[in-house]
Amino acid sequence: MPPPSLRLVVDTDALAANWRALDALSGKARAGAAIKADCYGLGVATCLPALRDAGCAQFFVAHWSEVSAALAHAPPAQIAVLHGPIAAAEAAYARTVGVLPVINSLHQARVWNEAGGGACHLMVDTGINRIGIAPHEAGDPAIAALEIDLLMSHLASADEDSAMNASQLAAFREVAAQLAHQRLSLANSAGIALGPDYAFDVTRPGLALYGGVPRAELAGPIRQVARIEAAVIQRRRLAAGDSVGYNATFTATQPTEVAAVSLGYADGFLRCRGPGAAMMLNGAHLPILGKVSMDMVVIDCSAAPNLAPGDWLEVPFHLPDAAQQSVLSQYELLTTIGARLRR
Ligand SMILES: *Cc1c(COP(=O)(O)O)cnc(C)c1O
């Protein structure tokens with residue numbers, strides 16, 4: 001098979017360094033890692049071993065379908081399933097393979113207890129109103145029957161200086177005083193930057209591990225992890241008046257050297273990332289012209305006169321900058337990375 005014309009380069013040294021930095025910022029707490037959505041699009045098989053070898057010993061997936069990929073690289077007791085057991089089959093599966101469910105409701109507590117129970121985690125909702133038991137449900141017999149390892153909650157606005165952070169912290173402390181547990185866990189990436197009060201025993205960074213910067217405090221310690229590169233397919237010269245791409249949204253006002261590049265919205269380079277953006281070659285900016293197609297974009301290569309088919313270009317993927325430049329969040333930029341890039 002010939003080599004691909006598109007590549008995702010994951011810097012596992014930077015990933016490991018980010019985990020160590022977040023672990024250090026967590027103070028006396030240990031940092032775990034959110035590895036859901038295939039490590040936010042960067043690949044569990046690439047990322048999980050690097051995180052594990054750096055010292056991470058607590059991993060969070062969202063779906064039951066994500067468990068087997070994680071099990072290939074980490075012991076089952078270190079894998080938590082955030083969505084929890086909705087059906088008996090999921091509880092039975094957790095007990096068979098030894099991963100721990102996060103219990104998110106009285107229904108899930110009953111499902112787990114009826115399957116035979118055992119160690120699990122418990123999510124308490126302190127204001128995000130997604131999943132998790134309500135604090136007033138903590139006294140329910142189904143909850144009392146649980147063998148709780150991590151007692152968790154999740155911050156809604158940790159990336160902002162919101163009064164909600166302190167109120168969720170207070171609600172979490174209150175519920176923690178009522179329920180027996182092994183360890184407490186509240187902070188995601190942004191929550192780690194809120195300081196030691198939020199760290200408890202285990203922190204749960206995701207975004208910042210993979211190079212995202214949800215709060216300014218993390219801009220220094222966090223390194224870029226993912227780079228995307230795409231090859232030039234073909235060059236052409238536009239005459240004044242020639243247009244580019246679907247719906248002819250760009251028209252050249254003078255003769256212009258352009259190139260088609262092997263990257264499109266099917267690869268996660270969504271149409272909203274085209275306008276105003278540029279590909280890079282050794283520091284030269286090559287602006288994107290017209291609409292992003294499914295499999296290609298066209299760039300103005302005036303700044304790289306010798307650009308030739310097969311040359312590699314850097315796609316803008318410094319997450320804070322790329323998010324600023326588009327309507328997408330840093331989370332969406334990562335998790336929309338397409339399958340052709342993941343090989
Ligand atoms: C995804 C997730 C995290 C990680 O959040 P980041 O903002 O990516 O650091 C932590 N905890 C829970 C419950 C999550 O769902």
Side-chain angles (χ1 to χ4, degrees), residues 15 18-19 21-23 25-26 29-42 44 47-48 51 56 58-64 66-67 70 78-84 99-105 108 120-133 148-160 162 164-165 168-169 171-172 175 183-195 198-219 221-223 225-226 319-320 323 328-337:
L15 175 65
N18 287 347
W19 182 82
L22 292 160
D23 188 56
L25 285 168
S26 300
R30 297 310 312 274
I35 58 163
K36 60 196 181 185
D38 202 23
C39 285
Y40 289 42
L42 302 189
V44 164
C47 296
L48 204 167
L51 292 164
C56 184
Q58 181 65 64
F59 303 96
F60 299 90
V61 298
H63 286 248
W64 293 98
E66 296 174 319
V67 168
Q78 296 182 0
I79 300 168
V81 184
L82 290 164
H83 283 188
V99 299
L100 274 64
V102 178
I103 303 300
N104 294 287
S105 64
Q108 290 196 357
C120 64
H121 308 304
L122 179 67
M123 174 67 77
V124 180
D125 176 70
T126 53
I128 196 168
N129 282 306
R130 251 173 12 173
I131 57 175
I133 66 160
I148 302 169
D149 176 3
L150 284 169
L151 180 60
M152 307 163 48
S153 191
H154 192 58
L155 298 166
S157 307
D159 57 346
E160 297 178 277
S162 162
M164 210 172 168
N165 295 324
Q168 286 195 268
L169 176 62
F172 184 55
V175 89
R183 303 177 291 168
L184 295 172
S185 177
L186 177 63
N188 61 348
S189 300
I192 292 170
L194 295 178
Y198 290 80
F200 294 96
D201 301 310
V202 176
T203 57
R204 307 189 303 270
L207 183 72
L209 291 172
Y210 310 112
V213 180
R215 288 186 65 98
E217 295 91 331
L218 298 178
I222 294 303
R223 287 164 56 182
V225 171
L319 292 169
L328 301 175
S329 69
Q330 298 179 58
Y331 295 88
E332 292 167 302
L333 289 166
L334 282 167
T335 57
T336 50
I337 290 172

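Every number for a ligand or one of its atoms is a count from 1 in the order of the listing. Keep in mind that this is a model prediction, so the values were computed, not measured.
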- Could you tell me whether the side chain of Glu332 and the main chain of Leu328 form a donor-acceptor pair under 3.5 Å?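 Judged by distance alone, no pair lies under 3.5 Å.
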- Query: Mind checking what makes salt bridge (charged side-chain N to carboxylate O under 4.0 Å, His left out) contact with Asp23, not counting sequence neighbours?
  - Reply: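 Here the qualifying residues are Arg30.
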- Results of salt bridge (charged side-chain N to carboxylate O under 4.0 Å, His left out) for Asp201 - residues two or more places apart only: none
- Note on the structure: Across all chains, not counting sequence neighbours, the ring-ring contact (aromatic ring centres under 6.0 Å, His included) partners of Phe172 are Phe200
- Message: For a quick test of reading the model, state the closest non-hydrogen atom pair linking Leu218 to Ala208 and the distance between them.
- Response: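 Heavy atoms only, the tightest pair is CD1-CB, 4.3 Å.
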- Can you see which heavy atom on Leu48 is nearest to which on Ile35, and at what distance? CD1-CD1, 3.6 Å
What are the atom names and distances for all N or O pairs under 3.5 Å between ligand 1 and the protein?
unit_1, atom_1, unit_2, atom_2, d
ligand 1, 7 (O), Asn188, ND2, 3.2
ligand 1, 7 (O), Tyr331, OH, 2.5
ligand 1, 8 (O), Tyr40, OH, 2.5
ligand 1, 8 (O), Leu207, N, 2.8
ligand 1, 9 (O), Ser189, N, 2.8
ligand 1, 9 (O), Ser189, OG, 2.5
ligand 1, 9 (O), Gly206, N, 2.9
ligand 1, 11 (N), His154, ND1, 3.4
ligand 1, 11 (N), Arg204, NE, 2.9
ligand 1, 11 (N), Arg204, NH2, 3.4
ligand 1, 15 (O), Lys36, NZ, 2.6

